[in-house]
Every structure is written in structure tokens, then in C-alpha cells.
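Numbering of ligands and ligand atoms starts at 1, following listing order.
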Amino acid sequence: MKIKKAIIPAAGLGTRVLPASKSVPKEMLPLVDKPAIQYIVEEAVNAGIEEILVITNRNKTVMEDHFDRSPELEQKLAEAGKLDKLQIVLDVANMANITYMRQKETKGLGHAVLIAKAFVGNEPFAVLYGDDVIIGEKPAIGQLCDAYDKFGLGVAGIKQVPEGDIYKYSSFAVEPLQDRTFKITNMIEKPQTPQEVLSLYSILGRCVLPPEIFDILEETPIGAGGELQLTDAMRTLTQRRGMVGVDYEGKRYDMGSKLGIMKAAVETALIHEEIGADFRAYLKCLAQTL
Ligand code: UTP
């Protein structure tokens, strides 16, 4: 079944990137000339997603403005004959069919997904975490949608994380199926001890879920950090129906962390059409002084 709908949860508080995130949502931090969330919307559109719901909160209306028309700016650009710039502005506004819903209280990623229940209805859907930018040739979420098609089971985008970092993430027990695809047998959110670590595979930024996840979320107790955890609901889904993991092709950047933001900024600048070559030359010079 073709996946047509996607949710982008982007209502987190972004406490790891304060003070910037006090007034600028981390999803709006620029990577050269595009805010992070635009990369994510482009990924969804390139994977054939037709409708996107962004979960926001009261401090994040700037995201809505970004994907809206801007008549005054458009008029000025048209009058000045800056038609290439006008096209850039129009392309963003016409990029996708995006709607927004507010999460009134920051009760966790599971809660953010749950409030999308009416939007999703009774069909499988994609989730693209608003602070995870993935750069690659094939859209990462498209690779997960293909796996959903093939196996008819919920799919988590998984990657191995460094040993010392697994305690900040979720940890998955997996068995290889084929190529980059795994059968998921168990999972835990933020393991506390080495005994609780199931493997270094963690869900990173993307999943495709069947609609029954909503019923499961409704009966899932509050988990790690006092939040309703999507991982806890996915564990129940794994036990009831099974799930697969796809170690997707593409590099993932964590826009919720300071180091992740800087890595994403440097690497997107290096491949940028307009400034890539100049930035590479600059960086090489700078590196010699380090
Ligand atoms: P994170 O836990 O990485 O985001 O959630 P956070 O809460 O903003 O992080 P801190 O404060 O720096 O620790 C993963 C994704 O889920 C969204 C976030 O916006 C992020 O994209 N999220 C999280 C919500 O939409 N609502 C929530 O209640 C929590």
C-alpha cells in the first residue's frame, strides 16, 4: 500500500540547543540557506508523500510562515526583476500540502504522534523526526516505505551509534533478514545499564507505522523522562505483529545537538552548488592552522 501521509513531530523544547531555541525552533536553524525542516519536507516529497502534518507548539509559528506565500516579498522581487529569487520563494510555498497541529503540552514523541490520529485515519503513515536531517541520494523515508510495502509490517529506520552514546537513545534487538533489513525482536528506550543494552542499533529519525499504533499508544503508560515514548508503543507492536528495521542509506545529522548542527552545517556547505568549491578551499586552509 502506498504511503501517502507523513507526520513531522517538531514540538520538542530543544533544551540541548538553548539559548538559540528560546526563540528560533531548532527545526528552523539554517543549513547554508535552507532551514532544517525544509530538507525533511523535501525528503518526504521526493519519496512520494502527498500530505504532511507538522506537529508544532505555540513558539513555532515561524515554521508555518516559512511554507506559506509571502506576498510582499514576492511583489518586491517581481518588481526588481529578480525572477530566480522569486522562483525560490514560490517553490517553498508550493512544495507540499502541509497542515499544522499544536501539541499543547510537551508530553513526548509518542504523545505528538498520538494527536495526529484523526489526520492519519486508517492507513499506514510515515514519521520524520523534525530534528533529524538525513542527506543521501535516495530519500531515507522512501527506503522505509519500500520495506513496508514488502513486509507489510511497521518499519524503523535504524543505525548503529557509538557505544558510549546508546544510553541517550533507544536500543534494538535485531536479527538480519536481507541486505540492510533486520527483523526487530525487542527494544528499550534509554537503557540505564550495560545489561539493558540490546545492541548498538537505535531508531534514528524515521519510521513507518500501521494505524494500530494509535490504539497501542492510548494504552501505553508514561515512560522514560516522564514522557509518552513512541519506542514503548513500538515494542508492543513488535510483540503483537512484528516490526522490521532498515539501516537506511544516507547520513543522519542530529539538529537537536550542538555538535550535530555544526557537522550538518559544514557538510551541507561542502556540497552546496553555489558555495561548495569556495567553502572547501576555505576549510582546507583553515584545517592547516588547527
Ligand atoms: P527530542 O527528545 O529529540 O526533542 O524529540 P526535544 O524534546 O526537543 O529535545 P531536548 O529538549 O533537546 O532534549 C525527538 C523529536 O520529537 C519531537 C521533537 O521536536 C523532535 O523532533 N517532540 C518531542 C515533539 O514533537 N513533542 C514532544 O513532546 C517531544
Is the shortest side-chain N to carboxylate O distance from Lys2 to Glu50 below 4.0 Å? yes
Numbered in order shown, the ligand 1 atoms found under 4.0 Å of a heavy atom of Gly14 are 6 (P), 8 (O), 11 (O), 12 (O)
May I ask you to list the atoms of ligand 1 that are less than 4.0 angstrom from any heavy atom of Thr15? 10 (P), 11 (O), 12 (O), 13 (O)
Linking I/L/V/M/F/W/Y whenever their side-chain heavy atoms sit closer than 4.5 Å, directly or via other members, would Ile141 and Leu204 fall into one cluster? yes
Which atoms of ligand 1 have any heavy atom of Glu27 under 4.0 Å away? 19 (O)
When you measure from the side chain of Glu189 to the backbone of Asp232, do you find a donor-acceptor pair of N or O atoms at a distance under 3.5 Å? no
Where is the nearest protein heavy atom to atom 16 (O) of ligand 1: which residue, which atom, and how far? Leu109 CD1, 3.3 Å
Do Leu31 and Ile271 sit in one hydrophobic cluster, given that two such residues count as connected whenever their side-chain heavy atoms are within less than 4.5 Å of each other, even indirectly? yes
Only heavy atoms of Ala112, strictly under 4.0 Å: list the atoms of ligand 1 that pass. 24 (C), 25 (O), 26 (N)
Below the 3.5 angstrom mark, is there an N/O of Arg16, backbone or side chain, next to an N/O of ligand 1? yes
Using a 3.5 Å cut-off on N or O atoms only, is Gly12 in polar contact with ligand 1? yes
Between Lys82, Lys76, Gln75, which is the residue that forms a side chain to side chain donor-acceptor pair (under 3.5 Å) with Glu79? Gln75
Yes or no on side-chain contact (heavy atoms from CB on, under 4.5 Å) for Lys263 and Lys251, after CA distance, side-chain angles and deciding distance? CA-CA 11 Å; Lys263 286 180 184 171; Lys251 189 158 177 190; over 6 Å; no
Is it possible for you to say whether Phe172 and Leu230 belong to one hydrophobic cluster, with membership spreading through side-chain heavy-atom contacts below 4.5 Å? yes
At a 4.0 Å cut-off, with the gap strictly under it, does some heavy atom of Glu105 reach an atom of ligand 1? no
Looking only at distances, can you tell me whether any N or O atom of Lys26, backbone or side chain, sits closer than 3.5 Å to an N or O atom of ligand 1? yes
Going by the order shown, which atoms of ligand 1 are within less than 4.0 Å of some heavy atom of Gly108? 26 (N), 27 (C), 28 (O), 29 (C)
Among all protein heavy atoms in this structure, tell me which lies nearest to atom 25 (O) of ligand 1, with the distance rounded to 0.1 Å. Ala11 N, 2.9 Å
pair Phe125-Leu53: side-chain heavy atoms closer than 4.5 Å: no
Provide, to 0.1 Å, the distance between atom 15 (C) of ligand 1 and the closest protein heavy atom, together with that atom's residue and name. Asp131 OD1, 4.0 Å
Would you say Ile55 touches ligand 1, if touching means a heavy atom closer than 4.0 Å? no
N or O contact, Gly256 vs ligand 1, cut-off under 3.5 Å: no
Should Lys107 be listed as contacting ligand 1, given a heavy-atom distance under 4.0 Å as the test? yes
Shortest protein heavy-atom distance from atom 26 (N) of ligand 1, along with the residue and atom involved: Gln103 OE1, 2.7 Å
Heavy-atom contacts with Gly130 under 4.0 Å: which atoms of ligand 1 show up? List them by number with element. 21 (O)
Report yes if Glu227 has an N/O atom closer than 3.5 Å to an N/O atom of ligand 1; otherwise report no. no
Of all protein heavy atoms, the one nearest atom 21 (O) of ligand 1 is Pro9 O, 3.0 Å
Is Val17 close to ligand 1, meaning an N/O of one under 3.5 Å from an N/O of the other? no
Lys34 atom NZ, neighbour heavy-atom count above 12 within 6.0 Å: yes
Atom CD of residue position Glu219 - does it have more than 12 heavy atoms of other residues, nucleotides or ligands inside 6.0 Å? yes
Can Glu27 and Lys60 be counted as an ion pair, charged N to O under 4.0 angstrom? yes
Under the salt bridge (charged side-chain N to carboxylate O under 4.0 Å, His left out) test against Lys159, which residue among Asp165, Asp247, Asp254 passes? Asp247
